[in-house]
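Down below is the structure, laid out as structure tokens.
Quick caveat: nothing in here was measured; it's all calculated off a predicted structure. Note: hydrogens, waters and symmetry copies are ignored here, and every other heavy atom, side chains too, is used. We count residues from 1, following the sequence as given.
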Amino acid sequence: MVIAGWIYLVSCRAFLFVALSSSLNLSVAGNKRNYIMPELSSECEYSWTEKDISENFKDTLNLKRTNLNDLSVSKKDINLLFLDSLKAKASKNKLIKKIISFIVVNPDSSTKVNINGKNDAAFKEYSGVRIRKIIINKLNVFGSNINNPASNDNRKIYNVFNNTHLNTNDRIIRNNLLFSEGDTISSLVLSENERLLRNLPYIQDARIVVTPISDVEADIVVYTKDVYSIGAAYSYKGLKQGTASVFDKNILGTGHEFGIQVPYNSQLSNSPGFGIHYTANGIGKSFIIANSFFLNTLREKSYGMSLSRSLFSATTKYAGGISLKHMQTTVDFDTMNVPHPIRYFLQDYWLQRSFLLDRRKVSRIIIGARYINNNVFDRPFILQDSYHYLQNYKLFLGSVSYSIQKFYKTNLIYSYGRTEDIPYGGMIRFTAGREFNEFETFHQRTYLGGELAYGKSFEGLGYMYASTGIASYLNGAQTKQGLISANITYFSNLLPLGRNLIRNFFYLNYTRGFDRNRDEHLYLSSDNYFPGFRNDSLWGSQRLSMCIESVLFSPVNLYGFRFAFFSFADFSLLTGKGQLPANRVTLSGLGLGIRVRNDNLVFNTFQLRIGFFPNPPEFSRINYFTFSGEDVVKPSGFDSGPPTVIPYR
């Protein structure tokens with residue numbers, strides 16, 4: 001019955017999604033036209049005092065008699081004025097005041113020009129108050145506003161879609177709460193829990209509100225807004241090959257995910273392929289994520305499972321994971337006439353312990369251990385200094401890190417209206433390990449690595465994150481597979497331009513490898529700021545890349561679809577021994593594009609990018625127009641994660 005119900009819901013949702021796509025109507029600003037804007041900046045927030053509101057209460061209630069086209073106030077401002085006036089009027093009666101405080105929540109204007117809104121600020125005044133009751137309030141996917149739960153857009157198309165979606169079960173939400181009835185309020189716990197809920201793949205946004213009942217007791221209202229969990233994706237690789245997939249990220253409101261993918265290639269006899277995966281995002285209140293998968297993607301066959309529990313909050317003490325993966329595929333080295341089959345089994349086990357030192361600073365010491373065992377059963381002949389992933393090895397790693405991490409609460413950075421949590425603080429981590437390899441030269445070798453990261457918002461300037469790392473294997477006094485890396489990420493405060501908002505981004509990456517294996521190189525590709533560019537003959541051991549991007553967030557809202565226009569300038573310098581005569585290669589790119597995203601849906605951000613490369617090297621293949629689905633970028637934080645070898649890419 002559960003499977004039949006799920007299939008029925010999927011069918012209804014798919015039909016309604018097609019209906020929505022074909023019936024969209026654009027509403028633009030102007031007389032007698034509705035212009036749906038993003039949240040106003042902090043400078044434009046409604047800021048009347050309670051006294052002002054009380055004195056103008058009658059005028060507020062009589063706004064319906066006024067020609068709204070003659071006012072310089074939006075419908076949203078009128079709603080805010082009415083709600084605040086209602087609270088002010090009700091303040092004369094204690095009973096009515098408590099009722100109004102419970103059902104009417106002041107909207108949080110979350111679009112800030114400056115990135116300085118700390119996510120625990122709203123809870124500090126209630127620290128130490130006892131939690132009397134926890135209430136779960138689930139908002140509709142379409143037509144609701146997490147920052148103004150009292151408002152709701154009752155368009156018919158929204159109501160139809162909402163009726164085909166099962167909101168996350170109350171039990172699932174309560175399983176993801178870090179507090180219980182009878183606990184005393186901690187601003188750290190509430191802010192961490194709000195962020196934890198927002199990070200769930202089936203939750204679009206969440207807000208926790210404290211409603212005082214007395215001087216010593218308060219009720220906690222947890223507002224959640226789901227994403228419409230049914231989605232689909234298509235990876236285009238040409239007219240004759242690609243991959244189509246469908247998935248549900250919240251099956252029947254359980255928080256579990258199920259997906260199917262079908263790769264095809266008309267040139268292969270075993271086409272199409274098939275893949276399936278199932279993920280339980282939380283087992284009970286353990287915060288353990290379980291995943292299993294099977295993939296038969298024409299040239300590759302793999303299956304496996306994993307169990308993992310992260311340091312999901314600053315107060316979490318233990319984390320760990322188990323991952324098992326069996327892979328069967330083929331490789332086609334340049335020296336081969338035909339591809340050769342490979343088969344291996346990878347095991348990965350890790351454990352962490354976190355010690356919270358200071359709740360105010362949120363400083364922690366985190367220690368971790370990890371064991372990786374790579375068993376290779378079938379492969380072509382390889383040299384001992386090549387293709388490390390095809391070698392039999394056992395790797396033991398340990399790490400210790402010192403971390404300080406808190407968060408700003410903002411938006412319009414990588415998403416288009418939903419709340420985003422931007423980390424600030426710092427981390428220093430040291431990792432050491434021992435590898436036992438099948439090859440005699442590297443039979444026993446030591447790994448050493450160090451990393452440093454820092455991030456902060458600077459008043460009037462914006463936010464900057466910087467990190468650096470250095471690592472290498474040591475075989476006696478000889479270094480092997482070493483690297484040095486440095487990264488800088490910067491984005492500005494929001495800059496208003498009419499009714500649009502602009503944010504500028506800057507990325508800088510430097511990577512240098514030394515004593516790497518003969519197959520390990522740095523490239524210039526779509527993974528390094530150059531979508532649409534490919535040149536397999538360009539590789540080196542040292543690369544400097546820089547990207548400047550300016551994004552204009554449009555206020556246009558088309559049934560939840562929001563638009564961002566961007567322009568970019570990319571530059572990269574690649575040095576080191578390569579196949580070209582020159583020992584230094586530079587590449588630059590210029591262009592513009594548009595991104596479209598609906599935060600109510602689970603689809604990736606749609607991106608259309610037009611790029612121009614003024615000085616492409618010889619043998620380059622260039623696609624000036626690229627259309628892709630982009631994952632929402634999550635900023636790097638200061639959780640150390642399991643002990644790991646710093647990747648070279």
Side-chain angles (χ1 to χ4, degrees), residues 263 270 273-279 288-310 319-336 338-352 368-399 431-449 471-475 480-483 515-520 641-649:
N270 60 342
F274 178 76
I276 187 172
H277 74 271
Y278 189 92
T279 303
I288 293 175
I289 298 174
N291 173 261
S292 60
F293 68 92
F294 171 82
L295 294 174
N296 186 0
T297 57
L298 306 181
R299 289 190 174 96
E300 176 183 310
K301 184 177 181 180
S302 63
Y303 55 87
M305 59 79 65
S306 65
L307 295 170
S308 64
R309 184 180 193 262
S310 65
I322 300 173
S323 176
L324 306 174
K325 180 180 179 181
H326 183 276
M327 170 68 76
Q328 182 176 333
T329 183
T330 59
V331 291
D332 188 6
F333 300 149
D334 294 337
T335 56
M336 292 181 177
V338 294
H340 192 286
I342 62 171
R343 187 166 60 93
Y344 64 87
F345 181 58
L346 180 65
Q347 305 171 61
D348 190 351
Y349 310 89
W350 60 275
L351 181 67
Q352 280 185 296
R370 189 173 190 177
Y371 168 65
I372 300 174
N373 186 4
N374 194 42
N375 290 315
V376 181
F377 307 111
D378 192 8
R379 70 177 183 210
F381 171 79
I382 60 173
L383 298 174
Q384 60 186 8
D385 61 345
S386 65
Y387 302 103
H388 184 256
Y389 74 99
L390 294 180
Q391 298 177 10
N392 289 290
Y393 65 85
K394 296 178 181 179
L395 177 62
F396 297 86
L397 291 172
S399 67
T431 304
R434 190 74 169 166
E435 181 186 278
F436 298 88
N437 195 289
E438 65 171 305
F439 290 105
E440 183 176 352
T441 305
F442 308 116
H443 181 58
Q444 294 186 30
R445 57 178 183 167
T446 301
Y447 176 82
L448 293 176
S472 178
Y473 284 97
L474 296 174
N475 189 12
K480 191 66 179 176
Q481 291 181 276
L483 68 85
D515 299 322
R516 303 299 304 189
N517 284 348
R518 63 179 63 214
D519 63 298
E520 296 175 336
T644 187
V645 174
I646 301 176
Y648 179 67
R649 55 179 177 235

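Of the inter-residue distances, the one linking Ile322 atom CD1 with Asp348 atom CG reads 10.0 Å to the nearest 0.5 angstrom. Remark: Trp350 CH2 to Ser323 OG distance equals 11.0 Å, nearest 0.5 Å. Rounding to the nearest 0.5 Å gives a distance of 8.0 Å between OG of Ser306 and CZ of Phe293. For the atom pair Thr446 OG1 and Lys480 NZ, the distance stands at 15.5 Å (nearest 0.5 Å). Here Glu435 contributes atom CD and Arg445 contributes atom CZ; the two are 4.0 Å apart, rounded to the nearest 0.5 Å. Note: Arg434 CZ to Leu474 CG = 9.5 Å, rounded to the nearest 0.5 Å.
Closest non-hydrogen pair, Ala369 versus Pro643, comes out as N-CG, 3.7 Å. Closest of all the heavy-atom pairs between Ala319 and Ser310 is CB-C, 3.7 Å. Here the closest non-hydrogen pair linking Ile342 and Val331 is CD1-CG1, 3.6 Å. Heavy-atom minimum distance, Lys394 versus Asn373: CG-OD1, 3.6 Å. What you find for Leu483 and Ile646 is that their closest heavy atoms are CD2-O, 3.3 Å.
Although no hydrogens or angles enter the test, the distance criterion places no donor-acceptor pair under 3.5 Å between the side chain of Glu300 and the main chain of Met327. No donor-acceptor pair under 3.5 Å is formed between the side chain of Asn296 and the backbone N or O of Gly273.
You'll find the side chain of Ser472 stays beyond 4.5 Å of the side chain of Leu448, heavy atoms only. Tyr473 places none of its side-chain heavy atoms less than 4.5 Å from the side chain of Asp515. A heavy-atom distance below 4.5 Å is found between the side chains of Thr431 and Tyr447. Tyr349 places a side-chain heavy atom less than 4.5 Å from the side chain of Leu324. Taking 4.5 Å as the limit, some side-chain heavy atom of Asn437 sits within range of a side-chain heavy atom of Gln391. In this structure, the side chains of Ile382 and Asp519 stay at 4.5 Å or more apart for every pair of heavy atoms. Between Tyr648 and Asn517 there is no side-chain heavy-atom pair separated by less than 4.5 Å. Contact of the Ile276 side chain with the Tyr278 side chain is not registered, since no non-hydrogen atoms from C-beta on lie closer than 4.5 Å.
Every pair passing salt bridge (Lys or Arg N to Asp or Glu O under 4.0 Å) that includes a residue from residues 375-388 is listed here, sequence neighbours excluded: Arg379-Glu438, Asp385-Arg518.
In this pair, His326 and Phe345 present their aromatic rings tilted. The plane angle is within the 30 to 60° band. Below 30°, between 30° and 60°, or above 60°: for Tyr393 and His388 the angle between ring planes is below 30°, a parallel geometry.
Residue Arg299 places its CZ atom among 12 or fewer non-hydrogen atoms of other residues, nucleotides or ligands, all under 6.0 Å distant. Applying the 6.0 Å contact sphere to CZ of Phe396 captures more than 12 heavy atoms from other residues, nucleotides or ligands.
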side-chain hydrogen bond (donor to acceptor under 3.5 Å, both in side chains) assessment of Thr279 paired with Asn291:
CA-CA 4 Å; Thr279 303; Asn291 173 261; 2.7 Å; yes
